[in-house]
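Each chain gets a letter, A, B and so on, in the order its sequence line appears, and its residues count up from 1. For clarity, every value in this text was computed on a predicted model and none was experimentally measured.
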Amino acid sequence: MRCSMTERGYLFKDIESKWRKRWEDDRVFESRRDPDRKKYYLLEMFPYPSGRLHMGHVRNYSIGDLMARFKRMRGYNVLHPIGWDAFGLPAENAAIKEGIPPFRWTLDNIGHMKEQFGKLGVSYDWTREFATCDPNYYRWNQWVFLKMYERGLAYKKKASVNWCPSCNTVLANEQVVDGLCWRCESNVLQKELEQWFFKITDYAEDLLKGHDELGDGWPERVVTMQRNWIGRSTGLTVKFRLESGEDFPIYTTRPDTVFGVTFMVIAPEHSLLDRVGDPRVREFIERFKSQPLVDRLSDEKEKEGVDTGLKVINPFNGDIVPLYVGNFVLMEYGTGAIMAVPAHDTRDFAFAKKYGIPVKLVIDRPGESLSVSTMEDAYVEDGVCVNSGPFDGLGNREAMSKISDYAEEKGFGKRAVTYRLRDWLISRQRYWGCPIPVVYCDKCGPQPVKEEELPVVLPTDVEFRGDSRSPLIFMDDFIKTSCPKCGGAARRETDTMDTFVDSSWYFAKFTSPKSSGMFDQEEVNYWMPVDQYIGGIEHACLHLLYARFFNMVLNDLGVVNCREPFTRLLTQGMVIKEGAKMSKSKGNIVDPDKIIEEYGADTARLFMLFASPPEKDLDWSDKGVEGCSRFIGRVWRVVSKYAADYTAERCAAEAALSDELRALRIELHRTMKIVTHDIEERLQYNTAIARLMELVNALYQLPDSEAATPDGKKVLSEVFDSLIPMLSPFVPHVAEEMWAMLGHKELLVNQPWPAYIEALSVRDEIEIVFQVNGKNRSKAPVAPDISKDEMERLALADQRIGDFIAGKQVVKVIVVPGKLVNIVVK
RNA sequence: GCCCAAGUGGUGGAAUUGGUAGACACAAGGGACUUAAAAUCCCUCGGACUUCGGUCUGUGCCGGUUCAAAUCCGGCCUUGGGCACCA
């Protein structure tokens, strides 16, 4: 069947819908487990059903679909599923504002976005689709919660937590960016609240070790970000003592400076301060607690403190030093108190100067002695121990371990590893999320819901009261229940789970979405781990960290075999327009629907892959889209021109052909080789497309007289039989149409990736360069297998080179095979 | 402050291991086709000079290593990202 051309090019609308229907009818993208075939699980981060796809989605899914289709053609058993990250605040905010129930709002959005996905022609297995707001899905959130609760990995504690006043809920540490809410950028406050946590800190070491297993499958950048976030440090916990005799432990990474302690500092939230009645101290603590988090984190924030009047004894030398309360000491890190060594810590130095605290030097510069009275800042470099009792004269590096040994022997110190990572705060004071499966009994306290009573279903017929309070707290039907332990009256937990819990295991559920258990074991262990995961880098320390943790827990529970869920990760860049991220507020949004309407999905996809390599940011350009559309038209026209001459006959590999045909044939095989390498090894799709464009340009250079010969028809048929399959992962619809145009009956999506002939992938003649003293002076066409001696001979015999070296002495001749000859003269 | 990227024509970007800088595309200019336009096809396209053969110069800046540097090393500048009172 032929489609007539439009003025622009081709009738993409008819073509695109026709082939999507064929793929759907033939169920070509539905995958089935097959232990005899090599599996490839490809996944893009699933979308939140906001209602509309944006260009970032289009880019993400274009990259993913290219890889999925390519791997299919390479013979892999590919799993390429999609679903919906369907819980979350926007649905609830829409409900409050417009009165639409979150459940309906979400389903409507899914419906619309599904249509958009349809138009893009992404090769998903839609039979595996699910949304995380489905009780059959989130019941397993609850199940894992119960298992974690049993093991002490899910627990409730009162702590100073991040509170977003705009979202009206608490946030995990990872969800606070520079003191602001990651979602709405409101000022985050600190509140003392009792909240549910997942003990991700138990897995800190595993998460770090796992990075080695990921190797070069993950971008170095992401691994570094996670490593920094986890923030492992090694040091010593030292039991100082209060004058009253109580233990006063601190953690330090600089045990070598412990003889230089001249004061101690304690966090304002520390319970020890409850006994200090001094009004100046009380006032300081109150002022501190009311500060928004941004102010506390601010750069210029002065280090402030007040002397508590308490004294602390240094177990190493018996020194008695004052204890300050300070605004820079964190309750959540270490023991919430520090030893301060002003001589060797910049911050302590500034603090000591401010409050007139003495400075004691314990590490001296090798060679020249430092003097406390003339020091203008702390000495933080390595040196030699002084004023350190038995350790005097040791290098400070050596002293670190000697002093640690000493403290451990004496029993007042212990080596310790500390992490910056905090436990994951997972409860949210909002409605549209997975209920936490806990009930509160007046007699028995908090009790986990019994496993057989799962799921705890989130009611969907809810009424909002015009504010962000969760409707659950007014719903007696939901709240009133009985205690699983004593059977007495009890109340349900009304907090829901962080939606990052939902997205921490959805990838495993895709392997067996219809299973009545959490997973079908055979399926999950056949498909997992995800071979290639694709998404934005903004999730480096959010979703990607949580998901790794969660998968390790699932592994420990015995429900999945793999430890790491994502073998390879590709972090695609943002879509930029006029130098800024596309956003409503900047007014620089390009609507994917409009682009697809005007140019078709193939053009939209091609542009996304051609404009920039996947990891880099992509600059949107209307003209660039135009160019991609033009290229598709160019291919279309050249295929149309020769389609009637298509033949199944092929020239033998060694067939003697005219110069033009032979050159074209070699261009074809060269292109196949390079394109395969660019896609498979380099993940650099823009250069792969550039090579395909060159091949098409070469087709346009072929004289009609050559094309019309019997050999010409055979060579052109050979070109199309490989060119069109190579185009298929980039522009699948139009490629399928052109394939059919040649008379092929089988679907192109089921064709294998074309294989090139090595002997035909090398040009007959290459150009080498002759240099004199490193400057290009001449060139010559030669056979590609030319010897070094012959290259040198040709260079020296070259007329122009002769002119340049005449009367000079040849010092050296460097020959780079197949590239150049450099003649060094003086 | 610390750590990590990046900086190449008018623009997006190529250059895979130190070996012809600027592939491919956009924009611009010219030509062909056309009554004309659009579309299409072809050609030119870093800068300066040029006797039109070429010559010099050029990958953020300064220096170095090398026969040869966008690529390696040292120092600096700019942009982006991460971490930042983590004891």
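Proximity of a side-chain donor or acceptor of A:D617 to a complementary backbone N or O of A:M574 within less than 3.5 Å is detected. Side-chain N or O atoms of A:D247 include none that pairs as donor or acceptor with a backbone N or O of A:K239 at under 3.5 Å. Although no hydrogens or angles enter the test, the distance criterion places no donor-acceptor pair under 3.5 Å between the side chain of A:H669 and the main chain of A:Y756. Although no hydrogens or angles enter the test, the distance criterion places no donor-acceptor pair under 3.5 Å between the side chain of A:K779 and the main chain of A:F770.
Ring pair A:F351/A:F263 is parallel by interplanar angle, where below 30° counts as parallel and above 60° as perpendicular.
One can place CD1 of A:I537 at 14 Å from C1' of B:C83, the figure rounded to the nearest angstrom. Regarding A:Q684, its CD atom lies at a distance of 9 Å from the C1' atom of B:U16, rounded to whole Å. Straight-line distance from the CZ atom of A:R691 to the C1' atom of B:U16: 11 Å, rounded to whole Å. Distance, A:F351 CZ to B:C85 P: 16 Å, rounded to whole Å. Put simply, CZ on A:F631 is 16 Å from C1' on B:C41, counting in whole angstrom units. As rounded to whole Å, 13 Å separates atom P of B:C83 from atom CG of A:L421. A:L545 has its CG atom 12 Å from the P atom of B:C83, to the nearest Å. Between the C1' atom of B:C85 and the CD atom of A:Q190 lies a distance of 14 Å, rounded to the nearest Å.
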Atom pairs, N/O to N/O, protein against nucleotides 67-69 of chain B, distance under 3.5 Å?
{"unit_1": "B:C67", "atom_1": "OP1", "unit_2": "A:K812", "atom_2": "NZ", "d": "3.3"}
{"unit_1": "B:C67", "atom_1": "O2'", "unit_2": "A:N822", "atom_2": "ND2", "d": "3.2"}
{"unit_1": "B:C67", "atom_1": "O2", "unit_2": "A:N822", "atom_2": "ND2", "d": "2.6"}

Protein N or O to nucleotides 55-59 of chain B N or O, pairs below 3.5 Å:
{"unit_1": "B:U55", "atom_1": "OP1", "unit_2": "A:R777", "atom_2": "NH1", "d": "3.3"}
{"unit_1": "B:U55", "atom_1": "OP1", "unit_2": "A:R800", "atom_2": "NH2", "d": "3.4"}
{"unit_1": "B:C56", "atom_1": "OP1", "unit_2": "A:R777", "atom_2": "NH2", "d": "3.2"}
{"unit_1": "B:C56", "atom_1": "OP2", "unit_2": "A:R777", "atom_2": "NH1", "d": "3.0"}
{"unit_1": "B:U57", "atom_1": "OP2", "unit_2": "A:K775", "atom_2": "NZ", "d": "2.9"}

Atom pairs under 3.5 Å, N or O on each side, protein against nucleotides 2-9 of chain B: can you list them with distances?
none

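Exactly one residue among A:F197, A:W229, A:Y546, A:Y203 makes a ring pair (Phe, Tyr, Trp, His ring centres under 6.0 Å) with A:W424. That residue is A:Y546.
Around atom CD of A:E765, more than 12 heavy atoms belonging to other residues, nucleotides or ligands sit under 6.0 Å away. Heavy atoms from other residues, nucleotides or ligands lying under 6.0 Å from NZ of A:K673 number more than 12.
Glycosidic conformation of B:G7: anti, with the torsion beyond 90° of 0. Glycosidic conformation at B:G10 (O4'-C1'-N9-C4 for purines, O4'-C1'-N1-C2 for pyrimidines): anti, more than 90° from 0.
The heavy-atom pair separating A:A540 from A:M225 by the smallest distance is CB-CE, 3.5 Å. Nearest heavy-atom pair across A:P255 and A:M400 is CG-O, 4.0 Å.
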- Query: Given A:F631 and A:F610, is the ring-ring contact (aromatic ring centres under 6.0 Å, His included) satisfied, shown in steps?
  - Reply: CA-CA 11 Å; A:F631 170 66; A:F610 179 60; 8.1 Å; no
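Side-chain contact of A:W620 with A:D622: a donor-acceptor pair under 3.5 Å is present, judged by distance alone.
Map A:Y700 and A:Y333 each onto its nearest nucleotide of RNA chain B; the residue landing nearer the 5' end is A:Y700. Toward the 5′ end of RNA chain B lies the nearest nucleotide of A:Q701, the other residue of the pair A:Q701 and A:R422 mapping further downstream.
A cation-pi arrangement, defined by a distance under 6.0 Å to the six-membered ring centre and an angle within 45 degrees of its axis, is present between A:R634 and A:Y700.
For the C1' atom pair drawn from B:G46 and B:A21, the interatomic distance equals 10 Å after rounding to whole Å. Taking atom C1' in both B:G19 and B:G30, the straight-line distance is 36 Å, to the nearest Å.
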- What dot-bracket string describes RNA chain B from 5' to 3', counting Watson-Crick and G-U wobble pairs whose defining distances are under 3.5 Å, with [ ] for crossing pairs and | for pairs to another strand? (((((((..(((......[....))).(((((.......))))).((((....))))..(((((..]....))))))))))))....
- How does each nucleotide of nucleotides 25-30 of chain B score, in 5' to 3' order, for protein heavy atoms under 4.0 Å: base (B), sugar-phosphate only (S), or none (-)? SSS---
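Within the structure, the salt bridge (charged side-chain N to carboxylate O under 4.0 Å, His left out) test picks out the following pairs touching residues 780-791 of chain A (sequence neighbours left out): A:E790-A:R793.
Among B:U40, B:C24, B:A15, the nucleotide with an atom closest to any side-chain atom of A:A690 is B:C24.
Between the NZ atom of A:K826 and the NZ atom of A:K812 there is a distance of 12.0 Å, given to the nearest 0.5 Å.
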